[in-house]
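Take a look at the structure set out below.
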Amino acid sequence: MKKHNYSAGPCILPQEVFEKASQAILNFNNSGLSILEISHRSKDFVAVMEEARSLVLELLNLEGKGYQVLFLQGGASLEFLRVPYNLMKVEGKAAYLDTGTWANGAIKEAKSFGETVIVGSSKEENYNHIPKEYQIPSDANYFHCTSNNTIFGTQIKNFPKTNVPIVCDMSSDIFSRSLDFSNFDLIYAGAQKNIGPAGTTLIIVKEEILGKTNRNIPNILNYQQHITKESMYNTPPVFAVYTSLLTLQWLKKIGGISAIEKINETKANILYSEIDRNPLFTGVASKEDRSIMNATFVLKNPEHQELFDTMWKEAGISGINGHRSVGGYRASMYNALPIESVQVLVNVMKELENKI
Ligand SMILES: *Cc1c(COP(=O)(O)O)cnc(C)c1O
């Protein structure tokens, strides 16, 4: 039986994507060849890459606005490094918002390139909220933020207005909600949370912000090189890109971001209402900053843990243990998680209440 998969990443993808992707391993496009054994320069694969790149712009409503799309390797973690390499001027300055573990990873890499100003941080409260009312220095080369903090369950609801280019790590909430994506100058996301399998990173960059650092950038780390080579500077991760394309096609078919956003809000409402109603549980993140992707919560009485863990496992639920830095539980409700799975979890929470 298929589990109710709440894993934070790699995570659930639509069932039809798994089926189509497995079919392509056996026989891609009726070519008599597997997607894994054809050249990335073949007509069929070039078409996959081109469709994936253009579908990203279509879904985010960024067509014709000067953006380029890349599917690279190295995970979001490599973008922590590639961003300052490409955007921070020699003796330049960058502004970062510190909202958790991943933001910190990005800050650490930026520090080796130049002055890194932390404009706000919620570290003192173990990142249970998003800092607000911060100032971005007008002479910063860019401002970096993390839209959704996968580990702590917080999400930025209002992005700053600034003349400084905005870079955003959207690894765990891209394609989940409507935003004016043209407010961002560079967006990146490891595929394994809302797009596809691990192995590729989506990068969307406004081309005009590149080439301003007078820094010598190695080709493999240079966004402009990858753009010139149409995301095929070297062998791309063909299977991860193909599977990502299948997910993007699925998203378009069900009505795009505005349709999935409604579903995601419904799922989050069902779960957060129960966390707030059920006297045995309490939420971790501040209410106004709660993520609609990753809900963090704890049992008020740790003695109930053993029984609760047995019950959700018996209900076919997988992957809701919290991250070690937060503890408790984390339910990741990415795009592909069905509403029914959330209902199953909420029912287990209610049953626990009845038993105690
Ligand atoms: C998972 C995650 C990362 C790390 O991604 P990798 O692809 O493993 O490097 C970075 N940022 C956020 C917000 C994440 O959720």
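Values below: all heavy atoms of this structure, side chains included; hydrogens, waters and symmetry mates excluded. When a ligand or atom number is given, it counts from 1 through the structure's own listing order. Positions are given from 1, in the same order as the sequence printed here.
With ligand atoms numbered from 1 in the order given, ligand 1 contributes 1 (C), 2 (C), 3 (C), 14 (C), 15 (O) to contacts under 4.0 Å with heavy atoms of Lys193. Close contacts of ligand 1 with Phe80, meaning ligand atoms under 4.0 Å from a residue heavy atom, involve 10 (C). The Asn148 neighbourhood of ligand 1 comprises atoms 13 (C), with distances under 4.0 Å to a heavy atom of that residue. Ligand 1 places these atoms under 4.0 Å from at least one heavy atom of Ser171: 10 (C), 11 (N), 12 (C), 13 (C), 14 (C), 15 (O). Taking every heavy atom of Thr146 and a limit of under 4.0 angstrom, the matching atoms of ligand 1 come to 13 (C). Per-residue contacts place Gly75 under 4.0 angstrom from the following atoms of ligand 1 (heavy atoms of the residue considered): 7 (O), 9 (O).
A cation-pi contact, defined as under 6.0 Å to the ring centre and within 45° of the axis, is absent between Lys108 and Trp102.
Residue-to-ligand polar distances place Asp169 within reach of ligand 1: an N/O pair is separated by less than 3.5 Å. Checked against a 3.5 angstrom limit, the closest N/O atoms of Gln192 and ligand 1 fall inside it.
The ring-ring contact (aromatic ring centres under 6.0 Å, His included) test with Phe281 is passed by exactly one of Tyr272, Phe308, Tyr329: Phe308.
For atom 15 (O) of ligand 1, the closest heavy atom belonging to the protein is Thr150 OG1, 2.5 Å. Scanning all protein heavy atoms for the shortest distance to atom 9 (O) of ligand 1 gives Ser77 OG, 2.6 Å.
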Go through the steps for Asp139 and Lys93 under the test salt bridge (charged side-chain N to carboxylate O under 4.0 Å, His left out), then give the verdict.
-> CA-CA 7 Å; Asp139 59 344; Lys93 180 197 275 188; 3.2 Å; yes
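Side-chain contact check for Gln224 versus Asn86: every heavy-atom pair is 4.5 Å or farther apart. With contacts defined as side-chain heavy-atom distances shorter than 4.5 Å, the pair Asp98/Ser122 does not qualify.
Between Phe184 and Phe181, the ring planes lie tilted relative to each other; the angle falls in the 30° to 60° range.
Side chain of Arg290 to backbone of Gly153: no donor-acceptor contact under 3.5 angstrom is found.
Summarising the contacts of atom 6 (P) of ligand 1 with Gly100, Ala76, Ala191, the nearest heavy atom is found in Ala76.
Inspection of the Thr154 and Asn149 side chains reveals an N or O donor paired with an N or O acceptor under 3.5 Å.
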